[in-house]
Number of protein chains: 2
Amino acid sequence: MTHLPKTFPEKLGGAPHSKQSLRLWLRMLSCTILIENTIRNRLAEQFSTTLPRFDVLSALERHPDGLTMGELSRFLMVSNGNVTGLVSRLEADGFVVRSRAPKDRRTHYVKLTDKGMEQFKAMAHVHENWIDEMFASISVEEENRLMDDLRQVQNSVIRSNPEKNPS
Amino acid sequence: MTHLPKTFPEKLGGAPHSKQSLRLWLRMLSCTILIENTIRNRLAEQFSTTLPRFDVLSALERHPDGLTMGELSRFLMVSNGNVTGLVSRLEADGFVVRSRAPKDRRTHYVKLTDKGMEQFKAMAHVHENWIDEMFASISVEEENRLMDDLRQVQNSVIRSNPEKNPS
DNA sequence: ATAAAAAACTTTATGTTTAAAATAAAATCG
DNA sequence: CGATTTTATTTTAAACATAAAGTTTTTTAT
């Protein structure tokens with residue numbers, strides 16, 4: 001169970017890598033949670049904000065022309081109902097604004113306000129330093145290799161799910 | 001204060017790997033969310049359950065002697081209050097049992113019931129197949145490399161956070 | 001022995017998240 | 001044109017999640 005036998009009894013026809021993929025997935029997950037929790041704690045301590053709020057501001061900063069609610073939810077890979085609540089709270093705090101599109105009155109465009117941009121910039125710089133610190137003992141070669149391999153994983157996952165990509 | 005090496009060339013001149021580490025982190029994150037969402041959707045469709053519930057059952061299956069609430073929350077890397085609610089719901093549904101320790105009456109041991117074990121086994125097999133499918137086009141070499149590199153990342157993150165490891 | 005501190009867990013308040021249902025506007029079609 | 005369908009978003013209800021404060025029990029230091 002924990003140790004692989006010397007003679008690896010894989011079937012010829014394409015048996016998977018035993019539990020190797022599962023272990024890899026669990027390591028990816030714990031690694032991600034570890035980093036996420038670190039960022040979450042520091043955002044709370046130093047900026048009194050939360051990771052989802054930071055993620056919304058970050059997404060909007062990368063799209064200066066604004067995003068619709070649906071685009072935002074797909075970009076962040078969360079449900080659309082989730083985005084509604086987050087944006088409402090951020091709007092109440094003056095960090096973002098919603099505006100209806102003149103053409104299609106169903107769509108709402110969300111944009112950063114000046115206050116939101118300022119707040120994000122202050123956080124982004126520090127946030128990037130946290131990431132740099134956390135990855136400090138990873139060499140550039142390792143980082144490039146990880147980038148490539150993770151891209152392969154993304155492609156593999158998408159390829160394995162032909163019909164619907166999860167929201 | 002930190003355990004950074006004495007010669008830390010990036011500290012002086014400027015940006016370390018530029019925004020390379022940030023990009024890597026964002027790719028790790030999107031990759032993880034992609035897989036998580038896939039699993040979440042399939043657990044809902046095929047077993048009418050949720051990922052957090054599956055995670056609890058999975059953790060308990062790996063610890064047949066049971067876990068305390070605190071051990072469980074640390075193992076899953078979630079808050080202790082979160083575990084209380086999850087376990088309460090799972091207990092109400094008959095998948096787990098809580099029992100007080102005779103020695104230390106503060107601690108509650110959580111264990112799988114037979115029903116919980118049966119339910120988990122049914123899900124675990126299918127779950128492993130999902131993972132295998134998602135990683136189908138990743139070679140064994142890539143998987144091993146990713147395992148190693150992600151271990152490096154874990155170590156790097158832990159090393160960068162000397163005082164408190166995030167819960 | 002007794003008070004203070006620590007540990008294990010729960011509770012509370014707030015916020016996040018999802019799936020599903022509801023609403024509303026636009027596009028399609030007969 | 002009017003009916004249907006599709007699209008964009010919001011609302012709802014339940015579950016999930018966190019931090020902080022509270023409860024009970026054990027340990028430690030007087």
Side-chain angles (χ1 to χ4, degrees), chain A residues 33 36-57 59 66-93 95-96 98-110 164 166-167, chain B residues 32-33 36-57 66-93 95-96 98-110 164 166-167:
Chain A
I33 295 176
E36 262 192 338
N37 281 347
T38 304
I39 298 173
R40 196 190 308 279
N41 290 337
R42 294 188 183 175
L43 281 177
E45 287 168 9
Q46 300 184 29
F47 294 101
S48 300
T49 189
T50 65
L51 190 47
R53 287 168 71 102
F54 177 78
D55 288 339
V56 170
L57 298 189
L67 287 172
T68 68
M69 297 294 278
E71 288 168 345
L72 188 52
S73 89
R74 282 188 294 276
F75 186 79
L76 296 175
M77 293 194 279
V78 300
S79 68
N80 47 1
N82 183 9
V83 169
T84 299
L86 277 166
V87 168
S88 297
R89 266 168 259 130
L90 286 169
E91 188 176 35
D93 295 340
F95 294 120
V96 306
R98 259 185 282 217
S99 57
R100 300 190 94 98
K103 270 300 182 190
D104 187 335
R105 288 194 318 211
R106 293 169 302 178
T107 70
H108 292 239
Y109 278 94
V110 194
K164 58 175 171 183
S167 68
Chain B
T32 300
I33 295 176
E36 262 192 338
N37 282 347
T38 304
I39 298 173
R40 194 190 310 278
N41 290 338
R42 294 188 183 175
L43 280 177
E45 287 168 8
Q46 300 184 29
F47 294 101
S48 300
T49 190
T50 65
L51 191 47
R53 288 168 71 103
F54 177 78
D55 289 339
V56 170
L57 297 189
L67 287 172
T68 68
M69 296 295 279
E71 288 168 344
L72 188 52
S73 90
R74 280 188 295 276
F75 186 80
L76 296 175
M77 294 194 279
V78 299
S79 69
N80 47 2
N82 182 11
V83 168
T84 298
L86 277 167
V87 167
S88 298
R89 265 168 260 131
L90 286 169
E91 188 175 34
D93 295 340
F95 294 120
V96 307
R98 257 185 281 220
S99 58
R100 298 190 95 99
K103 271 297 183 192
D104 186 337
R105 288 197 317 213
R106 294 169 302 180
T107 71
H108 291 238
Y109 277 94
V110 194
K164 56 176 171 181
S167 65

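Predicted model, so just to flag it, every value in this text is computed and none were measured. So that the names make sense, note that chain A is the first sequence line, chain B the second, and so on, each numbered from 1.
- When rounded to the nearest whole Å, the span between CG of B:Asn41 and C1' of C:dT18 equals 10 Å.
- The two residues B:Ser73 and B:Ser79 make their nearest non-hydrogen contact at CB-O, 3.9 Å.
- Distance B:Asp93 CG to D:dA15 C1': 12 Å, rounded to the nearest Å.
- Heavy-atom distances to DNA chain C give each of B:Asn82 and A:Arg40 a nearest nucleotide, and the one nearer the 5′ end belongs to B:Asn82.
- Closest approach of A:Val96 and A:Leu57 over heavy atoms only: CG1-CD2, 4.0 Å.
- Counting to the nearest Å, the C1' atom of C:dT23 and the CZ atom of A:Arg100 are 11 Å from each other.
- Looking at residues two or more places apart in sequence or on another chain, you find a side chain to side chain donor-acceptor pair (under 3.5 Å) between B:Arg98 and B:Ser88, B:Glu91.
- Annotation: side chain of A:Thr68 is in contact with side chain of A:Tyr109 (closest heavy-atom distance under 4.5 Å).
- The nearest whole Å value for the distance from the CG atom in A:Leu86 to the P atom in C:dT17 is 6 Å.
- Between B:Met69 and B:Asn80 the shortest side-chain heavy-atom distance does not fall below 4.5 Å.
- Residue B:Phe95 contributes atom CZ, which lies 13 Å from atom P of D:dA15 at whole-angstrom precision.
- Look at CD on B:Glu91: it is 13 Å from P on C:dC9, rounded to the nearest Å.
- The distance between atom CG of A:Leu72 and atom P of C:dT17, rounded to the nearest whole Å, is 12 Å.
- Every residue meeting the side chain to side chain donor-acceptor pair (under 3.5 Å) condition with A:Arg53, not counting sequence neighbours, appears here in chain and number order: A:Thr49, A:Asp93.
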- [ ] Take nucleotides 1-10 of chain D nucleotide by nucleotide from the 5' end and write B, S or -, depending on whether a protein heavy atom sits under 4.0 Å from the base, only from the sugar-phosphate, or from neither.
- [x] ------BSBB
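- Counting to the nearest Å, the C1' atom of C:dT17 and the CG atom of B:Asn37 are 11 Å from each other.
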